[in-house]
Amino acid sequence: QVQLVESGGGLVQPGGSLRLSCAASGFTFSTFSMKWYRQAAGKERELVASITSIGGGTNYADSVKGRFTISRDNAKNTVYLQMNSLKIEDTAVYYCNAVRSVTRDYWGQGTQVTVSS
């Protein structure tokens, strides 16, 4: 019954903003670190942002620092990715990932973000 469902993707112009959400169920969300990955066409999947289980620590890829913010609401079992000042190179499928161990590593289905003029 583990499920991660991303939402909020879509088409946006350069310089615009989107907020992605990932709703989790079927596991103890508050004990998992949460991560956002993305995969652009023809590219390898890359880690965009991560947040610790209680939300006290965050990390970002250099390419998104200052533009993206990861946050979580453990009461709502939801992790967010606020994306501002979007660039064409941010175009990718964005995936939500929950990880606690090598045997507790879950993925969402992904949501498409397209930045285009």
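- Between the side chain of R72 and the backbone N or O of S53 there is at least one donor-acceptor pair closer than 3.5 Å.
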For V113 and L18: C-alpha separation, side-chain torsions, deciding distance, then whether side chain to side chain contact (heavy atoms under 4.5 Å, CB included) applies.
CA-CA 9 Å; V113 172; L18 286 173; 3.9 Å; yes
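- Counting non-hydrogen atoms of other residues, nucleotides and ligands closer than 6.0 Å to CG of L11 gives a total above 12.
- Listed by chain and residue number, nothing satisfies the side-chain hydrogen bond (donor to acceptor under 3.5 Å, both in side chains) test with Q3 (two or more places apart in sequence, or in another chain).
- Side-chain contact between W36 and L20 is present, with at least one heavy-atom pair separated by less than 4.5 Å.
- The heavy-atom pair separating L4 from A24 by the smallest distance is CD2-CB, 3.4 Å.
- Y60 and V99 fall into different hydrophobic clusters, defined by Ile, Leu, Val, Met, Phe, Trp and Tyr side-chain heavy atoms under 4.5 Å apart, directly or through other members.
- Taking the six-membered ring for Trp and the full ring otherwise, the centers of F32 and F27 sit less than 6.0 Å from each other.
- Using modelled atom types and a 3.5 Å distance limit, the side chains of E46 and Q39 yield no donor-acceptor pair.
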Problem - From CA spacing to verdict: salt bridge (charged side-chain N to carboxylate O under 4.0 Å, His left out), D62, K65 - result: CA-CA 5 Å; D62 288 342; K65 285 181 179 177; 3.1 Å; yes
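- Ring geometry for W107 against Y95 counts as perpendicular: the plane angle is over 60°, on a 0 to 90° scale with 30° as the lower cut.
- Counting only heavy atoms from C-beta outward, the side chains of S50 and M34 never approach each other to under 4.5 Å.
- Here CG of D90 is found 7.0 Å from OG of S63. Values are rounded to the nearest 0.5 Å.
- If you take OH on Y37 and CZ on R45, they are separated by 8.5 Å, rounding to the nearest 0.5 Å.
- I51 is connected to F29 through a chain of hydrophobic side-chain contacts under 4.5 Å among Ile, Leu, Val, Met, Phe, Trp and Tyr, so both are in one cluster.
- S85 approaches S17 most closely through the heavy-atom pair N-OG, 4.3 Å.
- Electrostatic pairing of D105 and R100 does not count as a salt bridge here, judged by no charged N lying under 4.0 Å from a carboxylate O.
- Hydrophobic clustering, with ILVMFWY side chains joined whenever heavy atoms are under 4.5 angstrom apart, keeps V93 apart from L86.
- Under a 3.5 Å cut-off, the side chain of Q1 and the backbone N or O of S25 do not form any donor-acceptor pair.
- In terms of heavy atoms, P14 sits closest to S117 at CD-N, 3.7 Å.
- A single hydrophobic cluster is not seen to contain both V5 and L81; linkage of ILVMFWY side chains at heavy-atom distances under 4.5 Å, directly or through other members, places them apart.
- In summary, the side chains of Y94 and R38 do present a donor paired with an acceptor at a separation below 3.5 Å, with no hydrogens or angles considered.
- For the pair N74 and N77, the tightest heavy-atom approach, listed with the atom from each and the gap, is O-OD1, 3.1 Å.
- The hydrophobic cluster of I88 has no other members, since no ILVMFWY side-chain heavy atom comes under 4.5 Å of it.
- No donor-acceptor pair under 3.5 Å is formed between the side chain of Q82 and the backbone N or O of R19.
- No chain of hydrophobic side-chain contacts below 4.5 Å, direct or via other Ile, Leu, Val, Met, Phe, Trp or Tyr residues, connects L47 to I70.
- A donor-acceptor pair under 3.5 Å links the side-chain atoms of S101 to the main chain of R104, judged by distance alone.
- For the atom pair K35 NZ and T58 OG1, the distance stands at 11.5 Å (nearest 0.5 Å).
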Q: List the steps and the verdict of side chain to side chain contact (heavy atoms under 4.5 Å, CB included) for F68 and N84.
A: CA-CA 6 Å; F68 290 11; N84 299 325; over 6 Å; no
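- No side-chain N or O of T78 forms a donor-acceptor pair with one of D73 less than 3.5 Å apart.
- Counting heavy atoms of neighbouring residues, nucleotides and ligands inside a 6.0 Å radius, atom CD of Q13 does not exceed 12 of them.
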